[in-house]
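In this text the structure is predicted, and so the values were computed from the model without any measurement.
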Amino acid sequence: METVPIRFELPNGVRVVHVPEKGSIVHCAILINAGTRDEVEENTGLAHLIEHCIFKGTRTKSSLNILNSIDSVGGDLNAYTTKEETCVYVSCGLPYLERAMELLADITQNSVFPEKEITKEKEVIFDEIQSYRDSPAEQIHDDFESQVFRNHPLGRNILGEAASMRKVKKVALQEFVRKHYKGRNVVFSCSGNISSRRLKQLASKYLGTYGTANGVINRTPFEGYKPTLFKEKKTTHQAHCLLGNQAYASGHKNRIALILLNNLLGGPAMNSRLNLGIREKFGITYTLESNYTSYSDSGIFSIYFGTDPTHLDQTLSLVHKELKKLKDRKLTDSQLQAAKEQHCGQVTLAAESSMNLVINHARNVLLFDKTDSLAYWLKRIKAIPSSQLLEIANEVFDESKLSMLLFAPKN
């Protein structure tokens, strides 16, 4: 039987989600409603820099203390930044849950951002930027989002740019944290064998110290998408191509159906339509996939492939052929049933990862102020009609609305 998450809210607005689970391991995460799109333009990359620097010392802990706190007991401490959120998370043995909660609360509230460490982490991020630029298959995704969301905060690269990063001062990091890391901008989520009473005690002790005022959320919705085509010459052997369109926001009624459609078209399974119709049939690509990412007020759908330049036109033609099939014909009952069974199986498998579950619950609370059960999601997937998929395909896959970015090898 599926475990129902327990939710409560502290007086300062911080929301807490707990998934009771048997076992000797706990997973916990703090999710903060602040990311790249919340930066001011002159400080691009600031949110990601903060994620690096919160591990570099607090009022009571050195950088070494922070790293040893969880590593010394065999646990895992990590973090990530997206365009709309920052997450810090820990997996460790059950006896160390209080240590994990204290650490997560401390580094997200009391980091001192030593100047020396800021300078050092900037250099680390500069290397990260160069590493990603050495991988066109990764760079093209970020560049394409900048193309689709042109002149808008959603188009900013999460890593930022070296030129703007060099100018970022300590006070900017402190001000960003002061504005965003508090109140209902913060969700703590965990899974493990702990009583609700004990968790409420620990949450009040360590999470009750966040500022009570709601964090500042002043996001400008993206408007005015126009399809564009760009081609860049790169020192590569392959041609890298990405095409796509603006898509649905996180709260849109068509989001779940587009997730299903995207999975059918170019999801991770080897029997996706793009993989069977292009790679398996013709052997002209190695990586071929489609992706859909939703944001709070917008989204993006894309198809990526890398191929030998001599196969570029053929691959593009075959991609459009697969899109046309989905626009022209409704799925048959058996095709729709197979697509749903596959996706439901994937969702169920993903839910077996406790950390995935913890972060997903936190994100749902952050976005929608609710948690949804696995059964609820499976029910929504199974209720999707083929007519809705056809309607979405004709809207999102409309060739006249598709943008394209091509990295072509230099001659």
Side-chain angles (χ1 to χ4, degrees), residues 1-10 14-35 51-52 54-55 61 65-82 84-109 181 185-208 210 346-378:
M1 181 179 293
E2 184 180 356
T3 304
V4 178
I6 298 165
R7 285 185 55 198
F8 58 91
E9 184 173 324
L10 299 176
V14 173
R15 289 166 288 177
V16 179
V17 186
H18 175 220
V19 182
E21 283 188 353
K22 295 180 180 180
S24 58
I25 301 298
V26 291
H27 305 276
C28 50
I30 283 182
L31 202 66
I32 299 156
N33 194 13
E51 176 222 309
H52 276 240
I54 59 176
F55 296 98
K61 296 182 184 67
N65 291 151
I66 291 169
L67 297 179
N68 279 338
S69 179
I70 300 300
D71 285 4
S72 64
V73 295
D76 179 48
L77 168 66
N78 216 326
Y80 68 80
T81 307
T82 72
E84 294 192 325
E85 67 193 37
T86 303
C87 181
V88 193
Y89 55 95
V90 170
S91 296
C92 62
L94 180 60
Y96 304 104
L97 172 62
E98 182 170 3
R99 180 186 298 194
M101 289 183 67
E102 189 277 333
L103 179 66
L104 290 177
D106 191 27
I107 64 177
T108 53
Q109 293 181 84
Y181 285 42
N185 263 18
V186 178
V187 175
F188 175 82
S189 180
C190 75
S191 67
N193 190 13
I194 179 174
S195 70
S196 295
R197 179 174 172 273
R198 178 59 175 157
L199 181 61
K200 287 180 179 179
Q201 290 175 340
L202 294 175
S204 296
K205 182 177 181 179
Y206 296 115
L207 308 175
Y210 283 90
Q346 292 168 334
V347 171
T348 303
L349 283 175
E352 287 295 304
S353 167
S354 294
M355 184 54 81
N356 283 346
L357 195 63
V358 161
I359 293 175
N360 284 338
H361 279 316
R363 186 177 292 118
N364 281 332
V365 171
L366 208 58
L367 284 171
F368 310 117
D369 198 28
K370 65 176 183 175
T371 58
D372 293 317
S373 66
L374 175 62
Y376 169 82
W377 284 105
L378 298 181

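- The CD atom of E21 sits 7.0 Å away from the NE2 atom of H27 when rounded to the nearest 0.5 Å.
- With rounding to the nearest 0.5 Å, the separation of CZ in F188 from CG in L10 is 10.5 Å.
- Summarising the geometry of Y206 relative to E102, their closest heavy-atom pair is CE2-CG, 3.3 Å, with the distance given to 0.1 Å.
- We find the NZ-CD1 distance between K200 and I6 to be 8.0 Å, quoted to the nearest 0.5 Å.
- R99 has its side chain out of reach of C92: every pair of non-hydrogen atoms, C-beta onward, lies at least 4.5 Å apart.
- For E84 and R363, the salt-bridge test fails: no basic side-chain N is under 4.0 Å from an acidic carboxylate O.
- With rounding to the nearest 0.5 Å, the separation of OH in Y181 from CD1 in I54 is 6.0 Å.
- Applying side chain to side chain contact (heavy atoms under 4.5 Å, CB included) to N33 and the options L367, V187, N185 leaves one that passes, N185.
- The distance from the CG atom of D71 to the CG atom of D76 is 7.5 Å, given to the nearest 0.5 Å.
- Nearest heavy atoms, H361 versus S189: CB-OG, 4.1 Å.
- Under the 4.5 Å side-chain criterion, counting only non-hydrogen atoms from C-beta, V4 is not in contact with S373.
- The nearest pair of heavy atoms linking G192 to H18 is O-NE2, 3.2 Å.
- A 4.5 Å side-chain heavy-atom check between I194 and L202 finds at least one atom pair inside the cut-off.
- For the pair A203 and V16, the tightest heavy-atom approach, listed with the atom from each and the gap, is CB-CG2, 4.2 Å.
- A donor-acceptor pair is defined here as one N or O able to donate and one able to accept, closer than 3.5 Å; no such pair exists between the side chain of S69 and the backbone of N65.
- Taking both residues in full, the closest heavy atoms of L104 and Y210 are given as O-OH, 4.1 Å, listed atom of the first, atom of the second, then distance.
- The shortest distance between side-chain heavy atoms of C190 and V26 does not fall below 4.5 Å.
- Contact annotation: the side chain of I30 approaches that of L207 to within less than 4.5 Å [non-hydrogen atoms, C-beta and beyond].
- Side-chain contact check for L199 versus M101: some heavy-atom pair is nearer than 4.5 Å.
- The shortest heavy-atom contact between I359 and A29 is CG1-CB, 4.2 Å.
- Between Y96 and I70 there is no side-chain heavy-atom pair separated by less than 4.5 Å.
- Interatomic distance, D106 CG to K61 NZ, rounded to the nearest 0.5 Å: 3.5 Å.
- Judged by distance alone, the side chain of S191 and the main-chain N or O of V19 form no donor-acceptor pair under 3.5 Å.
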side-chain contact (heavy atoms from CB on, under 4.5 Å) evaluation trace for V358 with C28: CA-CA 7 Å; V358 161; C28 50; 5.6 Å; no
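- When each of N78, I107, L31 is checked for a side chain to side chain contact (heavy atoms under 4.5 Å, CB included) with V88, only I107 meets the rule.
- Looking at I66 and L77, their side chains come closer than 4.5 Å, going by heavy atoms from C-beta outward.
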